[in-house]
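Encoded as structure tokens, the structure appears first; notes follow it.
Treat the numbers as computed from the prediction; the structure is a model and nothing was measured.
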Amino acid sequence: MRLIKALLALLFVTAGLLFAALNRTPVEIDFGVFKTSASQGFALLAAVLAGALLGGVVAILGSLWRRRSTSPDAQRAAVAANHD
């Protein structure tokens with residue numbers, strides 16, 4: 001199983017490097033406060049990675065918020081059920 005995971009990781013890293021190498025056109029990125037330039041492939045891969053990380057953070061925070069927002073009555077009932 002570890003070998004399959006390692007091969008899949010290597011495949012995705014290779015695909016990412018190949019994608020970045022084939023999209024070397026320079027692009028200018030304007031963040032409003034400052035501007036920078038990068039290759040098109042790097043900019044696209046960075047945007048996808050940033051979106052995946054932000055999506056993961058939002059999913060984790062939403063899950064935590066949902067757990068904390070349980071009504072006090074439901075919490076008391078759960079505690080009472082555990083003591084019986």
task: Please check if the side chain of S63 supplies one atom and the backbone of A59 the other of a donor-acceptor pair under 3.5 Å.
output: no
- prompt: Between CG of L49 and CG of L54, what distance do you get to the nearest 0.5 Å?
  reply: 9.5 Å
task: Decide yes or no on side-chain contact (heavy atoms from CB on, under 4.5 Å) for I60 and L64, but give the supporting numbers first.
output: CA-CA 6 Å; I60 289 170; L64 292 175; 4.2 Å; yes
Euclidean distance, D30 CG relative to K35 NZ, rounded to 0.5 Å: 5.0 Å
task: Among Ile, Leu, Val, Met, Phe, Trp and Tyr joined by side-chain contacts under 4.5 Å, find the other residues sharing a cluster with L22 and list them by chain and number.
output: L18
task: Return the minimal non-hydrogen interatomic distance between A38 and I29, and the atom names on each side.
output: CB-CD1, 4.3 Å
- request: Output the distance between atom CZ (F12) and atom CG (L17), rounded to the nearest 0.5 Å.
  value: 13.5 Å
- prompt: What is the minimum heavy-atom distance between L45 and G16, and which atoms define it?
  reply: CD1-O, 3.4 Å
- prompt: After noting the C-alpha distance and the side-chain angles of N23 and F42, does the key distance pass the side-chain contact (heavy atoms from CB on, under 4.5 Å) rule?
  reply: CA-CA 8 Å; N23 292 291; F42 176 77; over 6 Å; no
- request: Kindly indicate whether the side chain of L44, heavy atoms from C-beta on, has any atom under 4.5 Å from the side chain of V48.
  value: no
